[in-house]
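For reference, the structure discussed in these notes is given below.
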Amino acid sequence: MKYVDEYRDGKLARQIAATITAEARDNRDYRFMEFCGGHTHAIARYGLEDLLPNNVRMIHGPGCPVCVLPVGRMDDAIKLAQRPDVTLCTYADLMRVPGSQGLSLIKAKAAGADIRMVYSTLDALRIAQEEPDRKVVFFAIGFETTTPPTALAIVQAQKLGLKNFFVFCNHVLTPAAIQNILESPDVRDLGLVRIDGFIGPAHVSTVIGTRPYDFFAEEFQKPVVVAGFEPLDVMQAILMLVRQVNDGRCEVENEYSRAVTPDGNLKAQDLVSSIFELRDMFEWRGLGDVPYSALKLRDAYAAFDAEKVFDITTQPAQDNPACECGAILRGVKKTTDCKLFGTVCTPETPMGSCMVSSEGSCAAHWTYGRFRDATEKQAS
Amino acid sequence: MCLAIPVQVTELLDGDMAKVSLDGVQKVISLALVEDVQVGDYVILHVGYALNKLDPEEAQKTLELLAQAGVGAPS
């Protein structure tokens, strides 16, 4: 596959790792956060942590939209799906996320709710066209990457005059979350999490560009390297971060220049801002209430807004009290610090959201990383 | 969730749609978020929509950068 295979060369990855080892200074350690779940998945899948020297460590950030969706919003979606007049369309990622009282979309579907997994908003639109008697609700979730397709679906529904297509909007914003992490007591006051730099999002940045990160580099004095999701992209980004730290630089660099420009996709940005506006506040699992971190439909599109049409008021709901997803998403704890991990909580029966999505740090560690734990245990 | 893959455009269709190919797998996707896409171009595909065109020159530069990063390292 062109533009994929050449960025997965294992021999070159080991050579870049050797360069990182040679350039990383022995008298200090380096702690970088990869914000995106896509990077977390690549790091686990390709065993990149095994290639890195011991003094270069990765902290897995909260950039998995499935993982940060609060339980209360999941409950809202399940309730919507249980209405006899509603067909809920959702990306597959959300099917197994536990709501409160042990329910999930997949269990609701088994109990008879009309829930359809879709690949694209185009599929949800098609269902609404083909089944005019059903109220088709699209469960919209995702960062800046996934928002323009939702916006286009609303434009298209309006053009087609569809009266039975609605969007339950849970779109969230990356820069607000990064800022929240950098300003959190864990990082600022308590010193529980030290972050020397960020690997910036790949496909979020294709849409928003690299400029939004300038603020973090300047204001918080943290280097940022935007990187693609292939293993060599991640290795190269880590090398670039090590070099920035060594030089005392705090810049925004772009490793993923084949797809990301400083301005991003202006057409997509204009479209999104014509349909959506900022919410004053939105709850993130792990981060709590984050101001101006999510989007809602503008009043002009209220007829498509499931929250208004179906009068949804989100009730706060608690995670399983033993679940450490919150602390893991903030980088305070590791997957293996959670006593549920690998015992009652596995990808088949997830307790917390980090075990559901393949991009969640728990699922990634379960699928790929736990074998390393076993080897280490044996060795000691 | 933000997973997206480079695919090659093989045919332009009506209504801002296009046929694309990934290793022989054909799919119809939307080009409504991008501009000036021609047959033969690579685009980054996410949930049925092209998010951006892939820049072949920049891709080549990155490959050279990767090769440089690996040079001189004890392997």
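Naming: A, B, ... by sequence-line order, numbering from 1 per chain.
- In summary, the side chains of A:R8 and A:Y46 do present a donor paired with an acceptor at a separation below 3.5 Å, with no hydrogens or angles considered.
- Using a 30° and 60° split on the angle between ring planes, A:H171 and A:F276 fall in the perpendicular class, above 60°.
- Residue contact with chain A, scored on non-hydrogen atoms closer than 4.5 Å, involves the backbone and the side chain of B:V34 alike.
- Options A:D9, A:L266, A:T206 differ in how many heavy-atom pairs under 4.5 Å they form with chain B, and the most are formed by A:T206.
- Between A:F229 and A:H39, a ring centre-to-centre spacing shorter than 6.0 Å is recorded.
- In this structure, the portions of A:E6 lying under 4.5 Å from any heavy atom of chain B include both its backbone and its side chain.
- Heavy atoms of B:L65 lying under 4.5 Å from chain A belong to its backbone as well as its side chain.
- Both the backbone and the side chain of B:L54 come within contact range of chain A, each with at least one heavy atom under 4.5 Å from a heavy atom of that chain.
- With a 4.5 Å cut-off on non-hydrogen atoms, B:I44 touches chain A through its side chain but not through its backbone.
- Judged by the 6.0 Å and 45° rule, A:R258 forms a cation-pi pair with A:Y7.
- For A:L122, the parts lying near chain B are the backbone and the side chain together; criterion is any non-hydrogen pair under 4.5 Å.
- In summary, the aromatic rings of A:F138 and A:F165 are positioned with their centroids too far apart to meet the 6.0 Å limit.
- In terms of heavy-atom pairs under 4.5 angstrom with chain B, the leader among A:P65, A:G142, A:A268 is A:P65.
- Residue-environment remark: CE (B:M17) exceeds the threshold of 12 foreign heavy atoms within 6.0 Å.
- Of the two parts of A:L271, only the side chain, counted from C-beta on, holds a non-hydrogen atom closer than 4.5 Å to a non-hydrogen atom of chain B.
- Between A:Y213 and A:F35, the gap from one ring centroid to the other reaches at least 6.0 Å.
- Of the listed residues B:P56, B:A32, B:A67, the one with more heavy-atom pairs under 4.5 angstrom with chain A than any other is B:A32.
- At a 4.5 Å heavy-atom cutoff, the contact between A:S257 and chain B is made by backbone and side-chain atoms alike.
- Taking the side chain as every heavy atom from C-beta outward, A:C67 and A:L329 approach each other to under 4.5 Å.
- Looking at B:K53, only its backbone comes within 4.5 Å of chain A, counting heavy atoms on both sides.
- B:T62 and A:E255 share no donor-acceptor pair across their side chains, judged by distance under 3.5 Å alone.
- With chain B as the partner, the residue from A:T146, A:D93, A:I141 showing the most heavy-atom pairs under 4.5 Å is A:T146.
- Of the listed residues (A:K2, A:H203, A:M1, A:E23), the greatest number of heavy-atom pairs within a distance under 4.5 Å of chain B belongs to A:H203.
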